Protein chains: 2
Amino acid sequence: MGSTRKAGRPKVPAAGRILRAASEMFYREGIRAVGVDAIAAKANVTKKSLYDNFGSKDALIAAYLRARDERWRAWLVDEVDRRGGTAKERLLSTFDALEGWIEKGNFRGCGFVNAATELPHDGHPARAVVMDQKSWLRGYLEDLAAEGGAENPESLAEQLMILHEGANVASSLNISTNSAQRAREIASLLVADLG
Amino acid sequence: MGSTRKAGRPKVPAAGRILRAASEMFYREGIRAVGVDAIAAKANVTKKSLYDNFGSKDALIAAYLRARDERWRAWLVDEVDRRGGTAKERLLSTFDALEGWIEKGNFRGCGFVNAATELPHDGHPARAVVMDQKSWLRGYLEDLAAEGGAENPESLAEQLMILHEGANVASSLNISTNSAQRAREIASLLVADLG
DNA sequence: GAGTAATTATACATACCGGTATAGTTACTT
DNA sequence: AAGTAACTATACCGGTATGTATAATTACTC
């Protein structure tokens, strides 16, 4: 008793706390390494609430990735818009944004790539969310490339995707110092002839 | 009875069969997804033999990665040597080699990066093997870069590492078609002023 | 004030996890 | 012929996995 909650409608709904706890633990420890009991415990929630809200661990994983995708897209667009400039400069800004994201701390690679690694089966609902995230970024880059007058926007977008993914991996394994900026330098060669 | 083995010294020793089974299953399904029972069953070996030979699952994981690293290094060096050419051409050949490795089938990304993703704790013996593999490749590229008269071989090697890692991820997620060749095209810009 | 949705608390079911123990069997070595 | 290394067979241990069942409690709505 005292100040500990008992039941009823909480100020911060259980679903939100569960998703927050799952997001942190899934990303930091790995999806398969984290059990639903541990998530429920960290969220101060019973397992029943977790299953009432999400249905299954697999669905919770997909929800985690969807929420992460939403946060990440908003953040990237905001960072790029904030810096402004031409389409060419905005393409390069995506690498500055990546650098900022990495330096927020506890970076452990791209959460979507990590999820795809841990859940290799095609039917898993998480994989669709991963593909969505990759498709969206590719489209975003392609649109900027077209706006900048690229000869082949699709091709340029795919090249920049390789640089983004490479910078993510290189950064998580400390293969090079400041991988995002190094990727940006390479990217600047690719966009050199853009307006 | 019949032709099924019973005991004694087998033609193909148990350790080899275990490592072979573990390698396939760890890479394809993921390390945490595969249990020791399943490995022993696929290798036609009892769990006791597995533990007599490797001591623990963690040690088996490290052995899997070491064997994979050995195979991969030999294969890469051989592919690059076979193609011959100047240092500049050999740097680009590493991407041709990567393409060949990817197209051997059942490609599911870099096994070492995947292992690091699944085993994030620093103390795990597998992580040292992963870092070894990355350090070796970086050194190999750096040596070729120096041989080619690069202004800053270290920096060039790190850039090429980003391209290699990016091509691996892009290929495993089908982000672009022929990611290795696309990475090679980018690399050719980076080595343009080499001898 | 009655009803309902959201939640807690607790216990359980079934399966698999990594790892160990004990005993028996075969093949090669000397 | 004896000894030993490499294995098989089988059973077991405690822990943890996802998921379910049942009942009590609280807060909000009408």
Side-chain angles (χ1 to χ4, degrees), chain A residues 1-22 25-26 29-65 115 118-121 123-126, chain B residues 1-23 25-26 29-65 115 118-119 121 123-126:
Chain A
M1 313 128 184
S3 65
T4 59
R5 297 197 25 77
K6 290 283 177 60
R9 301 198 184 160
K11 302 267 170 58
V12 177
R17 280 179 304 166
I18 294 164
L19 201 52
R20 189 180 273 252
M25 299 174 84
F26 281 156
E29 301 291 325
I31 291 171
R32 304 199 82 119
V34 175
V36 287
D37 293 86
I39 294 168
K42 183 160 185 183
N44 271 309
V45 147
T46 59
K47 248 198 308 187
K48 179 154 191 313
S49 294
L50 191 153
Y51 276 92
D52 284 350
N53 276 285
F54 294 95
S56 71
K57 183 184 178 181
D58 285 337
L60 177 58
I61 295 166
Y64 144 62
L65 291 172
E118 291 205 80
L119 309 165
H121 290 357
H124 198 289
Chain B
M1 310 93 194
S3 62
T4 59
R5 295 198 29 74
K6 288 285 176 59
R9 301 198 184 160
K11 302 266 168 63
V12 177
R17 287 188 332 236
I18 294 165
L19 200 53
R20 191 180 273 253
S23 292
M25 299 174 82
F26 280 156
E29 302 290 324
I31 291 173
R32 304 198 82 120
V34 175
V36 287
D37 293 86
I39 295 168
K42 182 159 188 184
N44 270 310
V45 146
T46 60
K47 243 194 317 184
K48 180 158 188 311
S49 295
L50 191 153
Y51 277 92
D52 284 348
N53 276 285
F54 294 94
S56 70
K57 183 184 178 180
D58 285 338
L60 177 59
I61 294 166
Y64 145 62
L65 290 172
E118 290 204 81
L119 309 166
H121 290 358
H124 198 289

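Just so it is clear: chains get the letters A, B, ... in the order the sequence lines come, proteins before strands, and each one is counted from 1. Note that the structure is predicted; figures quoted are calculated from it, not measured.
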CD (B:Glu118) and CD1 (B:Ile31) are apart, to the nearest 0.5 Å, by 5.0 Å
pair A:Phe26-A:Leu65: side-chain heavy atoms closer than 4.5 Å
no
Toward the 5' end of DNA chain D, by each residue's nearest nucleotide, A:Gly55 or A:Ala38
A:Ala38
Would you say a side-chain N or O of B:Arg17 is under 4.0 Å from OP1 or OP2 of D:dT8?
yes
Among C:dA9, C:dG19, C:dA21, which nucleotide sits nearest the side chain of A:Lys48?
C:dA9
Can you find a heavy atom in the side chain of B:Leu60 that is under 4.5 Å from one in the side chain of B:Ile39?
yes
B:Ser49 side chain near D:dA6 phosphate (N/O to OP1/OP2, under 4.0 Å):
no
What about A:Lys57, does its side chain sit under 3.5 Å from the base of D:dG19 through a donor-acceptor pair?
no
Of the listed nucleotides D:dT8, D:dC7, C:dC17, the one nearest the side chain of B:Thr46:
D:dT8
At under 4.0 Å between heavy atoms, what does A:Asp52 touch on the DNA or RNA strands: base, sugar-phosphate, or nothing?
base
So does B:Asn53 get a side-chain nitrogen or oxygen closer than 4.0 Å to the phosphate oxygens (OP1/OP2) of D:dA6?
no
Of the listed nucleotides D:dT8, D:dT18, C:dT20, the one nearest the side chain of A:Val36:
D:dT18
In Å, rounded to the nearest 0.5 Å, how long is the span from CD1 of A:Ile18 to OH of A:Tyr51?
11.0 Å
Write down the distance between CG (A:Asp37) and C1' (C:dC12), rounded to a whole number of angstrom.
13 Å
Nearest-Å distance, CG (A:Leu50) to P (D:dA17)?
13 Å
Expressed as a whole number of angstroms, how long is the span from A:Ile18:CD1 to D:dT18:P?
14 Å
Nucleotide C:dG18, atom P - distance to CD1 of B:Ile31 in whole Å:
12 Å
Does any part of the side chain of A:Arg17, heavy atoms only, come nearer than 4.5 Å to the side chain of A:Lys42, both counted from C-beta?
no
Rounding to a whole Å, what distance do you find between B:Glu29:CD and C:dC16:C1'?
16 Å
Closest-nucleotide 5' rank along DNA chain C - winner of B:Arg32 and A:Val45
A:Val45
Tell me the interatomic distance from B:Asp58, atom CG, to C:dC17, atom P, rounded to whole angstroms.
15 Å
At under 4.0 Å between heavy atoms, what does A:Asn44 touch on the DNA or RNA strands: base, sugar-phosphate, or nothing?
sugar-phosphate
Nearest-Å distance for atom pair NZ/P, residues A:Lys47 and D:dT20
10 Å
Given atom OH of B:Tyr51 and atom C1' of D:dC7, what is their separation to the nearest angstrom?
17 Å
